[in-house]
Amino acid sequence: MFVRCVEPLGREGAMGTHSRWMTVMRSNINARIDRMEDPTKMLDQLVLDMRGQLVEAKKAVCIAIADERKLARMAEQHTSEVRVWENRAMLALRAGAEELARAALVRKREQEELANTYAAQWQEQKRSVDALRTALAGLEARIAEAARQRTVLQARVARAQAQRTIAATLSNIEGVSAWSTVERLEAKVEQIEADAEAMCELEWSGDASLEAQFRALAAGNVDDELAALKRKMALAEPAAPKALPGRR
């Protein structure tokens with residue numbers, strides 16, 4: 001079995017691969033972010049829809065409450081009619097009008113049936129109204145929570161966008177071209193500094209040579225002036241001393 005040895009990437013190759021991978025990853029992330037809808041706008045629309053549902057729910061609750069009260073009145077009204085026809089039947093019996101009492105009892109039974117029907121409908125409507133009121137309270141709580149979440153989400157979106165901007169800025173700064181620009185600027189500054197130092201050195205050496213020439217010229221004038229002064233004073237150079245007899 002042969003195993004192929006893969007030569008490891010050098011530093012430049014590894015850095016290049018990492019840079020390309022980071023570029024692709026950032027591009028994919030940015031593309032996904034750009035395709036995403038604004039969460040705050042989506043939440044605003046959600047709150048708007050929920051408030052529209054709240055309006056419709058309130059209308060439904062109002063209608064249900066009105067129906068409940070109507071049914072309650074109808075049940076109470078027929079219950080009152082039951083008492084009325086019962087009293088009429090009793091009055092007819094006292095008067096000896098049995099058939100009339102029988103007819104009154106028939107009407108009493110009809111009113112009892114209607115009262116029971118309306119009472120049952122009222123109970124059912126009351127349960128529906130209670131459920132609608134509970135749903136209405138829950139919807140109002142959800143809307144309030146959504147409004148609070150919108151504020152929190154808006155702050156999170158702003159923070160995420162700021163982090164995205166910072167990351168993009170850092171990515172541009174860390175790019176090869178950016179650092180190459182910095183290095184070129186640094187080399188240019190170093191060259192300017194070297195040129196300035198060389199200029200200063202040349203100017204200093206020229207000044208030193210000129211100063212030396214003036215000093216030499218001044219020294220020559222002094223020697224000439226000294227010789228002229230000697231001649232003026234007729235001062236000769238002292239003669240060499242004579243040798244003593246017997247000595248050589």
Test item: side-chain donor near acceptor, R148 and T151, under 3.5 Å: no
CD-CG distance between Q53 and L48, expressed to the nearest 0.5 angstrom: 10.5 Å
E145 atom CD: more than 12 heavy-atom contacts under 6.0 Å: yes
From CZ (R142) to CG (L54), nearest 0.5 Å: 11.0 Å
Sequence neighbours excluded - side chain to side chain donor-acceptor pair (under 3.5 Å) pairs with any residue from residues 65-76: none
Crowding at CD, E98 (>12 non-hydrogen neighbours, <6.0 Å): no
Donor-acceptor list for residues 114-121 side chains, cut-off 3.5 Å, not counting sequence neighbours:
unit_1: N116; atom_1: ND2; unit_2: E112; atom_2: O; d: 3.1
unit_1: T117; atom_1: OG1; unit_2: E113; atom_2: O; d: 2.8

Pair R107-V84, side-chain contact (heavy atoms from CB on, under 4.5 Å): steps then yes or no: CA-CA 10 Å; R107 297 293 296 272; V84 169; over 6 Å; no
Side chain proximity check, K59 to V55, heavy atoms < 4.5 angstrom: yes
T79 side, atom OG1; M74 side, atom CE - distance, nearest 0.5 Å: 11.0 Å
Hphob cluster co-occupancy, L136 + L132, side-chain heavy atoms under 4.5 angstrom: yes
Any side-chain heavy-atom pair of Q111 and E86 under 4.5 Å: no
Euclidean distance, W85 CH2 relative to M90 CE, rounded to 0.5 Å: 15.5 Å
